[in-house]
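Here the structure comes first, spelled out in structure tokens, and everything after it is commentary.
Side chains are part of it too, since the values below use all heavy atoms of this structure and drop only hydrogens, waters and symmetry mates. Atoms within a ligand are numbered from 1 in the order they appear, just like the ligands themselves.
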Amino acid sequence: MKEFDTIAAVATSIGEGGISIIRVSGNDALKITKKIFVGKNDRKLDNIKSYTMRYGFIVDCDGNKIDEVIISFMKGPRSFTAEDTIEINCHGGVVVTNNILNEVIRAGARLAEPGEFTKRAFLNGRIDLSQAEAVIDIIRAKTEISARSALQQSEGIISKEINELRAHLLGIIASIEATVDYPEDELEEVTADIATRKSSNILMEINRLLQSADEGKILREGITTTLVGKPNVGKSSLLNTILKETRAIVTDVPGTTRDIIEEYINFKGIPIKLIDTAGIRETEDVVERIGVEKSRQMIEMADLVLFVLDNSRPIDEEDKEIFEYIKPKNYLVIINKIDLDKEMDISELDIEKSRIIKTSIKGEVGIDKIKQRIEEMFFGGKIDYSDVYVTNNRHKQALIRAKESMRHAIDALSVTLAIDLASIDLRDAWRHLGEITGDTLEEDIIDKIFAEFCLGK
Ligand SMILES: Nc1nc2c(c(=O)[nH]1)N(C=O)[C@@H](CNc1ccc(C(=O)N[C@@H](CCC(=O)O)C(=O)O)cc1)CN2
Ligand SMILES: Nc1nc2c(ncn2[C@@H]2O[C@H](COP(=O)(O)OP(=O)(O)OP(=O)(O)O)[C@@H](O)[C@H]2O)c(=O)[nH]1
Ligand SMILES: [Mg+2]
């Protein structure tokens, strides 16, 4: 374990609650807490055992009581940070919590930076970088599935696969370098053959991980589903109906929605990030025009576009224009207001039949069909929990770089004389994979990753 100063922060969210926790981590955690804690019957913290608790009061320098608390102690390396850790459990009020934190700082701790506790767990070697990132993913998880997947990653399932690939790479590199040191043409050929076969296997594994990234992104962020269409077709009504709450304002005035509205919902455990946008039309109104421009941007970012049409109005140029815009995307067409007389001929747009769903939001018709189609379109309606998904974009980018290096290596191996060049590419791949676990990442990049964590984590 490395030597660091002792840090402290509020580990719970700031606000009124039952209990708040102030966490203190480092060599002096116990020494610092002793200065401000008075146990019942004056019992001292001297002989506190790891993973036990004590009852008492936190006091200021004049001996005035600040709050009634329970303290727990975790002796390093058996703690979250792998350092000596004290947790002060006080009453969950903003003022008492901050007062206690101030006393801890006054007694000699330093205020922790965002993510610094988790960073210590990493620097002390208890977890690797991908596991540390998964800890924050657990906190930010929007659905049960993303929470479950993040927990798996915090236990190191990605790390395990990456470490295995890296070990294989080192094996190949070693055999190539041995050959290069004792050059005999025949030996080089044999080595190149074996190395090519092994490298292809590694490339296949990298590809498999990369293929999981699309679904992984969905696990993490949900299926970004954007509602688009002309004004007044019923986009906001659809959002409200799916959410089962009146989230967006609905009126019969075209141009009601001006700003983007985002909400998360679950379709059988699949997270959906539902986005309502301003109806798209040519407009002189400046505010509305900004809204329309934003709608166009939201289409770019969407995993799925729900193009809403009004059954009681004929298809016009604007509909055709919007359709051209969404055609390259993954889309469904919602023909809404089928309770009204039909004035629309959908054959004017070139849409596959399976993508069309007819609804009456007013009559609550067809909503379940939308949910069902979305479920079918993603994960084939179900998610395999035992699979490893790459959910982190940083990991994905590192895998892409590793894949490139593996391709170069395999190319070089096909030219027998260049087998020593291949070993350079294989080393690059080894390094890129190591960026995922943090083994081969620059310190400033690591700092940046932890800086994005929340305070107290
Ligand atoms: N009160 C409290 N609850 C919490 C945390 C915490 O820090 N404090 N955690 C913080 O996020 C999470 C738990 N994470 C933890 C991870 C590792 C260890 C730990 O001590 N690991 C040791 C083995 C412990 C043992 O031997 O019993 C190790 O891995 O070496 C503790 C907590 C969630 N709940
Ligand atoms: N008859 C009928 N009316 C509907 C239906 N769905 C929505 N409406 C009505 O259509 C009007 C417009 O609905 P909104 O949900 O505000 O439409 P929007 O697409 O969000 O409109 P903008 O925000 O202006 O782009 C409201 O008066 C709704 O009550 C439907 O299925 N049938
Ligand atoms: Mg609207």
If you count heavy atoms of other groups shown closer than 6.0 angstrom to [atom1] of [X], is the number above 12?
X	atom1	answer
Lys329	NZ	yes
Ile400	CD1	yes
Asp341	CG	no

* Could you check which of Ser237, Ala248, Pro254, Gly255 puts a non-hydrogen atom nearest to atom 14 (P) of ligand 2? => Ser237

* Closer than 2.8 Å to the Mg ion (ligand 3), do we get an N, O or S atom from Thr277, backbone or side chain? -> no

Can you sort out which atoms of ligand 2 are near [X], meaning under 4.0 Å from one of its heavy atoms?
X	value
Gly279	25 (O)
Leu340	1 (N)
Asp339	1 (N), 2 (C), 30 (C), 31 (O), 32 (N)

* Structure fact -> Short version for Thr257: what comes under 4.0 Å of ligand 2, heavy atoms counted, is both

* Asked: Hey, is Thr251 touching ligand 2 through its side chain, its backbone, both or neither, going by heavy atoms under 4.0 Å?
  -> backbone

* **Which of the ligand 1 atoms, numbered from 1, are nearer than 4.0 Å to a heavy atom of Arg23** => 6 (C), 7 (O), 10 (C)

* Structure fact -> Atoms of ligand 1 under 4.0 Å from any heavy atom of Lys457, numbered from 1 in the order shown, are 10 (C), 11 (O)

* To do: Kindly state if atom 34 (N) of ligand 1 has a protein heavy atom within a strict 4.0 Å cut-off, that is, under 4.0 Å?
  => no

* **Sub-4.0 Å protein heavy atom next to atom 31 (C) of ligand 1** => yes

* Pro231 to ligand 2: N or O pair under 3.5 Å? -> no

* Asked: Does the N or O separation between Val233 and ligand 2 drop below 3.5 Å for any pair?
  -> yes

Among protein heavy atoms, which lies nearest [atom], and at what distance?
atom	result
atom 4 (C) of ligand 2	Lys337 CE, 3.6 Å
atom 18 (P) of ligand 2	Lys235 N, 3.5 Å
atom 6 (N) of ligand 2	Asn336 ND2, 3.1 Å
atom 21 (O) of ligand 2	Asn232 N, 2.9 Å

* Asked: Is a side-chain N or O of Ser212 found less than 3.5 angstrom from the main chain of Tyr389, in a donor-acceptor match?
  -> no

* Ring-face cation contact, Tyr331 with Arg355, 6.0 Å cut, 45° max -> yes

* To do: Compute the minimum heavy-atom distance from Tyr51 to ligand 1 and say whether it is under 4.0 Å.
  => yes

* To do: Quick one: look at Glu87 and ligand 1, take heavy-atom pairs under 4.0 Å, and tell me if it's side chain, backbone, both or neither.
  => side chain

